[in-house]
Amino acid sequence: MSFNPSLSAARIVILSGPSGAGKTTVVRELLRSSPVPLELSVSATTRSPRSGELDGREYHFLSHAEFARRRAAGEFLECKEVFGRGDWYGTLRSAVTSGLEQGKWVLLEIDVEGAMAVRDQFPDCVMIFLHPGSLAELERRLRGRGTDSEDSIRRRLEVASGELARAAEYRYQVVNETPAQAVSEIRAILARISG
Ligand code: 5GP
């Protein structure tokens with residue numbers, strides 16, 4: 001599927017930040033209170049759902065075979081293996097174009113490499129990095145959420161330190177002191193851009 005050039009990439013909003021930086025809470029709150037009509041692009045992944053996650057809401061949970069088939073068919077705007085353990089994540093072109101075609105702004109919650117891949121294709125996209133404050137704070141949050149094994153926490157922290165090092169490549173950086181404050185900063189960014 002090709003991208004219709006009349007659709008404005010300035011309405012693609014990318015939110016990245018290390019796993020555990022609080023993206024999920026911020027995204028949920030932002031979708032409720034955004035100053036622009038914002039829709040979440042639901043990514044596809046081969047990882048298993050965590051408890052409370054629903055297929056089609058947090059992710060489209062796909063088998064490896066189905067993910068590979070869609071990848072070969074060119075259905076992803078970007079996709080990659082995250083955490084080096086064989087789990088794939090990808091942004092579906094259809095998720096982005098359908099929102100833009102309806103006049104919405106589309107929010108992509110993706111990692112740094114995915115963000116750079118999207119930026120290469122759509123330099124006008126709005127890039128926001130959600131910063132956890134520090135690695136120590138991130139570790140505290142990852143342990144606190146109690147959903148990840150020790151091994152997974154260690155790998156996430158390793159990936160996180162690499163991601164924090166690339167925060168400066170984002171046009172906007174928001175430190176997540178509290179979800180309410182982070183959401184309010186992001187709302188202000190979107191209001192400014194849309195105005
Ligand atoms: P989690 O397994 O905690 O839901 O997500 C792990 C990481 O994958 C997060 O950093 C998240 O931003 C990233 N991620 C989620 N969806 C996508 C996607 O479609 N593309 C890329 N490149 N990364 C993604």
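Counting convention: from 1, in listed order, for ligands and their atoms alike.
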Sole residue of Thr91, Val112, Val118, Ile128 in side-chain contact (heavy atoms from CB on, under 4.5 Å) with Ile14: Val118
Taking a cutoff of less than 4.0 Å between a non-hydrogen atom of the residue and any ligand atom, is [X] in contact with ligand 1?
| X | result |
| --- | --- |
| Arg47 | yes |
| Arg156 | yes |
| Tyr59 | yes |

Could you see which bit of Glu58 sits under 4.0 Å from ligand 1, with heavy atoms only: side chain, backbone, both or neither? neither
Which bit of Arg50 gets closer than 4.0 Å to ligand 1, counting heavy atoms only: side chain, backbone, both or neither? side chain
For Arg143, is there an ion pair with Glu139 - N to carboxylate O distance below 4.0 angstrom? yes
Are Arg71 and Glu75 ion-paired here, with the side-chain N under 4.0 Å from a carboxylate O? no
Should you measure from each heavy atom of [X], which atoms of ligand 1 turn up under 4.0 Å away?
| X | answer |
| --- | --- |
| Lys80 | 22 (N) |
| Lys23 | 9 (C), 10 (O), 12 (O) |
| Asp111 | 10 (O), 12 (O), 13 (C), 21 (C), 22 (N), 23 (N), 24 (C) |
| Gly114 | 22 (N) |

More than 12 heavy atoms of other groups within 6.0 Å of Arg145 CZ: yes
Going by atom types alone, do Arg47 and Thr45 pair a side-chain donor with an acceptor below 3.5 Å? no
Take Glu169 and Arg166 through the test salt bridge (charged side-chain N to carboxylate O under 4.0 Å, His left out) and record every step on the way to the result. CA-CA 6 Å; Glu169 293 174 51; Arg166 300 190 63 184; 2.9 Å; yes
Quick check: does [X] get an N/O under 3.5 Å from an N/O on ligand 1?
| X | result |
| --- | --- |
| Glu163 | no |
| Gly17 | no |
| Thr91 | yes |

Looking at every heavy atom in both Leu92 and Phe76, which two are closest together, and how far apart are they? CD2-CE2, 3.6 Å
For Glu150 and Arg154, what are the C-alpha separation, side-chain angles and deciding distance, and is it a salt bridge (charged side-chain N to carboxylate O under 4.0 Å, His left out)? CA-CA 6 Å; Glu150 185 58 36; Arg154 238 193 22 249; 5.8 Å; no
